[in-house]
2 protein chains.
Amino acid sequence: MAGLTAPLLGLEKKSLREQALSALRTAITSGELEPGRHLVETELSDMLQISRGTLREALRQLEQEGLLAAGPRGRLSVRHLDAKEIRDIFAVRAALESLAARSLCELPDRAHVTSSLRSAIEAMAAAAEGSLEGRIESDLEFHRTLCRLTGNETLLHSWESLEGSIRMSIMYAGVERAVSNMSVDRHYDIVRAIESGDATLARQTILEHMDGAAANLVA
Amino acid sequence: MAGLTAPLLGLEKKSLREQALSALRTAITSGELEPGRHLVETELSDMLQISRGTLREALRQLEQEGLLAAGPRGRLSVRHLDAKEIRDIFAVRAALESLAARSLCELPDRAHVTSSLRSAIEAMAAAAEGSLEGRIESDLEFHRTLCRLTGNETLLHSWESLEGSIRMSIMYAGVERAVSNMSVDRHYDIVRAIESGDATLARQTILEHMDGAAANLVA
DNA sequence: AACACGCCAACGGTTGACAGTAGATTGTCA
DNA sequence: TGACAATCTACTGTCAACCGTTGGCGTGTT
């Protein structure tokens with residue numbers, strides 16, 4: 001039959017909790033829920049049309065991702081990032097991604113890796129004329145891919161735990177300022193460094209890339 | 001009054017959820033709940049004397065910490081680590097701690113930092129003749145302190161998210177094997193490197209320390 | 001052996017309730 | 001009027017009981 005509903009591609013049906021999670025994450029990292037905003041469980045469960053219990057599970061996760069801050073008596077509010085925190089987040093991100101770059105350099109067969117990365121960059125190039133959101137999305141996808149290709153699940157997971165904070169930093173610092181650092185060339189530098197197999201160079205390239213990004217954000 | 005129950009020192013009363021979280025974490029990282037063990041919500045909520053809802057919140061968190069693995073249909077089981085995963089975990093840990101070491105080197109006033117670290121090492125030395133658990137505990141405390149002293153909350157948080165996995169690695173590889181790498185000298189090396197202010201040296205020292213630890217664990 | 005049926009375990013999710021508590025509101029009195 | 005006490009309100013923490021689904025398993029039938 002042709003009238004299939006959804007599960008064609010890897011689009012597995014998500015649990016309500018996961019849907020709520022995505023919805024809230026998006027709302028926060030898009031600024032729809034402003035930093036500092038106080039969250040009320042009943043309000044949210046009502047908006048999202050889910051029960052309080054299910055919602056609370058999602059909230060716990062967002063809290064651990066650093067998107068929510070816990071106040072006294074379990075009061076939650078949208079986290080507010082200052083310049084130092086943004087720098088701190090990017091320092092950790094840099095540490096993780098430089099590990100990724102180093103790991104990839106040590107792989108015997110890097111052809112597959114570099115070709116995946118080049119595809120990701122091409123996607124960025126294709127999005128270069130599109131919306132700011134699209135550019136950010138494709139940039140993050142490149143960096144996520146970098147981590148994924150290492151095959152180090154822990155590394156990928158740590159990076160993804162940070163992703164929300166990264167998005168918040170970008171949103172907080174202003175999207176225009178963020179994209180200004182996402183040149184296609186800079187990313188090719190990274191791929192070339194990995195291709196060369198020089199772990200030190202690859203690490204250095206990533207560190208500079210992240211340093212530039214962070215400096216740009218909090219400029 | 002002398003008959004106080006608990007809240008004397010910073011021991012704030014924890015919510016049931018937090019208590020359950022600690023209890024489960026301990027049970028898992030101590031091996032009381034063996035790797036691969038299938039968890040049943042009602043069973044646990046029953047054992048811990050808490051409601052299923054409250055328990056589920058704790059489980060979600062453990063899942064995110066990588067202590068639990070999700071199977072089909074939400075089935076949870078205690079995660080099982082193989083040698084590669086242990087190496088991966090320690091690679092990420094090394095990346096985080098080397099960032100910590102580098103950051104500390106850049107601090108203008110390192111006297112306070114190094115003295116805190118030396119205290120932590122003395123605690124290790126004091127525990128050196130004690131139980132294996134005590135030695136592990138003081139070793140982890142040293143490394144956690146390393147991260148905390150940077151003042152980078154994100155870094156500390158990332159490290160702590162990994163702590164459960166680290167403990168599991170140690171338990172899984174055998175506690176005796178783990179402590180064999182925890183010499184007091186090696187830790188003084190780290191402090192001295194930081195003291196010297198040489199970021200590259202400090203980073204290198206940490207990387208070697210972690211490399212040795214990981215190699216020892218999966219030997 | 002293969003299939004069908006029915007039972008059961010376990011999870012995802014819901015509802016409704018209740019206690020505790022910090023803050024806001026209102027009432028009271030000097 | 002201003003300060004203080006009593007009260008109310010808004011939330012969170014936690015619980016108990018329940019429904020609908022799904023897949024595993026044993027049993028029986030052919």
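Residue numbering restarts at 1 for every chain, and letters A, B, ... go by the order of the sequence lines.
Between A:His38 atom NE2 and C:dG23 atom P there is a gap of 12 Å when expressed in whole angstrom units. Rounded to whole Å, atom C1' of C:dA9 lies 15 Å from atom CG of B:Asp46. Across the protein-nucleic acid pair, A:Gln49 atom CD and C:dG13 atom C1' stand 14 Å apart, rounded to whole Å. Atom CD of A:Gln19 and atom C1' of C:dT14 are 16 Å apart (whole Å). In this structure, NZ of A:Lys14 is placed 19 Å from C1' of C:dC11, rounded to the nearest angstrom.
With a heavy-atom cut-off of 4.0 Å to chain B, the contacted part of DNA chain D has its first and last nucleotide at D:dT14 to D:dG23.
For the pair B:Gln61/A:Gln61, no side-chain contact is recorded, criterion being any heavy-atom separation below 4.5 Å from C-beta on. Between A:Leu156 and A:Arg144 there is a side-chain heavy-atom pair separated by less than 4.5 Å.
Across all strands shown, A:Arg17 has heavy atoms under 4.0 Å from sugar-phosphate atoms exclusively, and none from any base. At a threshold of 4.0 angstrom between heavy atoms, the contacts of B:Arg75 are confined to the sugar-phosphate backbone, with no base atom among them. A:Glu18 comes within 4.0 angstrom of no nucleic acid atom, judged by non-hydrogen atoms across all strands. Using a 4.0 Å heavy-atom criterion, one finds that B:Leu39 contacts the sugar-phosphate atoms exclusively.
For A:Glu34, the CD atom counts as densely surrounded, since its 6.0 Å shell holds more than 12 non-hydrogen atoms of other residues, nucleotides or ligands. Within a 6.0 Å radius of CD in A:Glu18, other residues, nucleotides and ligands contribute more than 12 heavy atoms. Heavy atoms of other residues, nucleotides or ligands lying less than 6.0 angstrom from CD of B:Glu160 number more than 12.
In summary, B:Lys84 and B:Asp88 engage in a salt bridge, as defined by a charged side-chain N under 4.0 Å from a carboxylate O. At a threshold of 4.0 Å, the pair A:Glu63-A:Arg60 counts as salt-bridged, since one of the basic side-chain nitrogens sits closer than that to a carboxylate oxygen. A salt bridge does not link A:Arg102 to A:Glu106: none of the charged side-chain nitrogens sits closer than 4.0 Å to a carboxylate oxygen.
Looking at which nucleotide of DNA chain C each of B:Arg56 and A:Pro72 is closest to, the 5′-most match is held by B:Arg56. Nearest-nucleotide positions on DNA chain C for A:Glu57 and A:Arg52 put A:Glu57 closer to the 5' end.
What you find for B:Ile194 and B:Leu117 is that their closest heavy atoms are CD1-CD1, 3.9 Å.
Annotation: proximity of residues 59-70 of chain B to DNA chain D (heavy atom, distance under 4.0 Å) is found for no residue.
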